[in-house]
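These notes concern the structure reproduced below.
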Amino acid sequence: MKKIRLLCGLVVLMFMGGVVAGCTQRAQENVPQYDTINVVENFVIDENSVPIFPKKAALTTDTAQRFSIELPKRCTVNWDNQAVVSVVPEEKIEMVRLGVGDPLPELQVSDYEFEQLTVKETLDKLLQGTNISVVEDGELYETVSGTISSGNLADSVELIAKMGRAYYSYDAVNSEIHLDHRAKWLVKMPKNESIIMALLDAMHGADVRNLLVDWQDKTVVFEGNYQTEREVAKMISDVASKKYMIAWDIDVYRVYPRTDNPIIWMNLLPAFGDKNIKMSIPGVVGRALVVSPEINTKTLQEFLSQQANVVLISQGTFVIPNGWQSRFDIGQCSKEDRLETDLIIGATGTYGDYGGKDKLDAKIVLRTSNGELSSFNIPSDIGDNYVIIGIPTHSFVTTPETLISPFAELVVFMSPRIISIVDANQLPSGADVPLSGDALRAFLGTGI
């Protein structure tokens, strides 16, 4: 009897164990199975989880910060259709001050003398007996002295404000003259984008910032003080009087030698002939070569590819009025973030008589955030190109050790152009004429 009870107990236990095992198996089948589980900073991340990111400060994202309508215009060079001299029609460039307010009342003032007074004190004294008050919207420290002959109120206020390097606007509703040391201007630009780029580059070179460019209306809005106004006005006057501008098209390469040897640059001579390499200019670092049109981006890359791997880092163009300075930021037009994108190519140039010959006299400066790397004074003829060689890539390495070969170097190819601004009636044909061949020689013979 005991054996029968024991046997029945075993059967019941086996049955229950089967039920439990079956339930366990079914429970395991309902548990999600994951191929991979990643643990990041104590958070379990899998394909079904919601990613958790740390909170970031309210700053503009990098890609939005880099957005610029200018970049396609600035960072593209059509090497297959490049004109060393272009002729564009002359157009008026006008600078208009914004926010001038309402017209002042038609009042007459008598002879008025003032000495060592602030602009506000001078106007307060001038406007005694009227209901017009003067409000300073910004701190004005300049003092003025002088005499005003009898005349209308608007001319007198304008003269006093200019003497104190201040700007005024009139609010007729509240009868208030507002004074500030800063103002805003609108520049009505010509239609030609090369001239627009020239003025923008010149303004950047003069450290005029926060430019608002409307490429549809061809206008530029900027804000600044009295000194800013004078500098921009001089740029506009310079473009109108000089009648031509200087442009540079640029390619920047990193060159990796295929062997543990540097690039043999002397091989340029047998490859192209000594007549095609006109000048060699050493710098503190590197060397600038003035070469003929025979050495261009295509032939230079073919020469380099025989000894090294060549990577295009940056490409672009910039334009300056004659005698002005500007710069090309490699990082702005770089294909990707690289060591060399900290590099800035600055340029000043004048075109005209150079020892009895018409030449482009330029100074090219290579600069990083750590200061000037090298510079070159380069006189050249129209049609010549520059090749800057021997700038070690290690110049841009900031770590004690690197995987980059010590023989890797930066190569800069620069092709200068002249943009001539002439009366529309003197244009050979059309509104924007590139010259070449006999037409170019004839035009250069007449002088720019």
Side-chain angles (χ1 to χ4, degrees), residues 90-190 199 202-203 206-212 214 217-242 321 324:
E90 183 178 18
E91 297 180 74
K92 185 178 180 181
I93 305 173
E94 186 179 359
M95 186 168 72
V96 180
R97 198 188 131 211
L98 301 175
V100 295
D102 303 310
L104 282 164
E106 292 291 337
L107 299 176
Q108 296 295 314
V109 299
S110 57
D111 293 349
Y112 173 51
E113 293 186 3
F114 47 94
E115 185 174 353
Q116 294 299 312
L117 299 176
T118 65
V119 175
K120 183 180 185 308
E121 292 169 343
T122 306
L123 291 179
D124 282 337
K125 185 177 177 181
L126 175 69
L127 296 168
Q128 285 179 356
T130 71
N131 65 340
I132 301 174
S133 59
V134 182
V135 179
E136 280 190 352
D137 294 333
E139 295 290 340
L140 299 173
Y141 302 103
E142 294 273 350
T143 58
V144 294
S145 301
T147 302
I148 292 179
S149 300
S150 58
N152 64 58
L153 177 63
D155 290 341
S156 300
V157 173
E158 180 73 23
L159 177 60
I160 294 170
K162 283 186 176 180
M163 291 176 65
R165 298 190 173 190
Y167 300 98
Y168 82 91
S169 61
Y170 180 60
D171 181 358
V173 175
N174 298 305
S175 298
E176 293 177 343
I177 293 178
H178 290 261
L179 299 175
D180 203 340
H181 69 285
R182 296 180 66 82
K184 188 179 290 186
W185 291 268
L186 171 74
V187 181
K188 299 177 183 179
M189 308 290 278
L199 280 170
M203 292 169 78
D207 206 31
V208 180
R209 301 301 175 188
N210 300 320
L211 302 177
L212 301 178
D214 188 328
D217 292 341
K218 300 295 189 294
T219 59
V220 178
V221 175
F222 69 96
E223 185 178 344
N225 56 20
Y226 184 77
Q227 184 65 28
T228 307
E229 179 192 9
R230 291 188 62 185
E231 289 181 350
V232 175
K234 187 178 186 304
M235 294 174 198
I236 294 174
S237 175
D238 207 53
V239 171
S241 62
K242 299 292 185 179
W324 282 87

Just wondering, do [Y] and [X] contact through their side chains at under 4.5 Å, heavy atoms?
{"X": "Leu153", "Y": "Leu126", "result": "yes"}
{"X": "Asp111", "Y": "Ser150", "result": "yes"}
{"X": "Met235", "Y": "Leu199", "result": "yes"}
{"X": "Lys120", "Y": "Leu140", "result": "no"}
{"X": "His181", "Y": "Glu142", "result": "no"}
{"X": "Pro105", "Y": "Ile132", "result": "yes"}
{"X": "Ile148", "Y": "Ile160", "result": "yes"}
{"X": "Arg230", "Y": "Arg165", "result": "yes"}

Reported [atom1]-to-[atom2] distance for the pair [X] and [Y], which is rounded to 0.5 angstrom:
{"X": "Ile236", "Y": "Glu94", "atom1": "CD1", "atom2": "CD", "value": "9.5 Å"}
{"X": "Asp124", "Y": "Thr118", "atom1": "CG", "atom2": "OG1", "value": "7.5 Å"}
{"X": "Glu136", "Y": "Ile177", "atom1": "CD", "atom2": "CD1", "value": "12.5 Å"}
{"X": "Met163", "Y": "Thr143", "atom1": "CE", "atom2": "OG1", "value": "9.5 Å"}
{"X": "Lys188", "Y": "Thr219", "atom1": "NZ", "atom2": "OG1", "value": "9.5 Å"}
{"X": "Ser149", "Y": "Asp155", "atom1": "OG", "atom2": "CG", "value": "11.5 Å"}

Check the surroundings of atom CD in Glu113: do more than 12 heavy atoms from other residues, nucleotides or ligands lie under 6.0 Å from it?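 No, CD of Glu113 has 12 or fewer neighbouring heavy atoms, counting only those of other groups under 6.0 Å.
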
Just wondering, more than 12 heavy atoms not from Glu115 lying within 6.0 Å of its CD?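 Atom CD in Glu115 is not packed in, count stays at 12 or less.
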
State, to 0.1 Å, how close [X] and [Y] come at their nearest heavy-atom pair, and which atoms those are.
{"X": "Ser145", "Y": "Gln116", "result": "OG-N, 2.7 Å"}
{"X": "Tyr168", "Y": "Ala154", "result": "OH-O, 4.1 Å"}
{"X": "Gly99", "Y": "Ser169", "result": "O-CB, 3.3 Å"}
{"X": "Met95", "Y": "Phe222", "result": "SD-CZ, 3.7 Å"}
{"X": "Ala166", "Y": "Val119", "result": "CB-CG2, 4.5 Å"}

Which residue pairs pass the ring pair (Phe, Tyr, Trp, His ring centres under 6.0 Å) test with at least one member in residues 111-167, sequence neighbours excluded?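 Non-adjacent pairs meeting ring pair (Phe, Tyr, Trp, His ring centres under 6.0 Å): Tyr112-Phe114, Tyr167-Trp185.
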
For Ser156, the option from Leu107, Leu123, Val109 that meets side chain to side chain contact (heavy atoms under 4.5 Å, CB included):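 When side chain to side chain contact (heavy atoms under 4.5 Å, CB included) is applied between Ser156 and each of Leu107, Leu123, Val109, only Val109 qualifies.
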
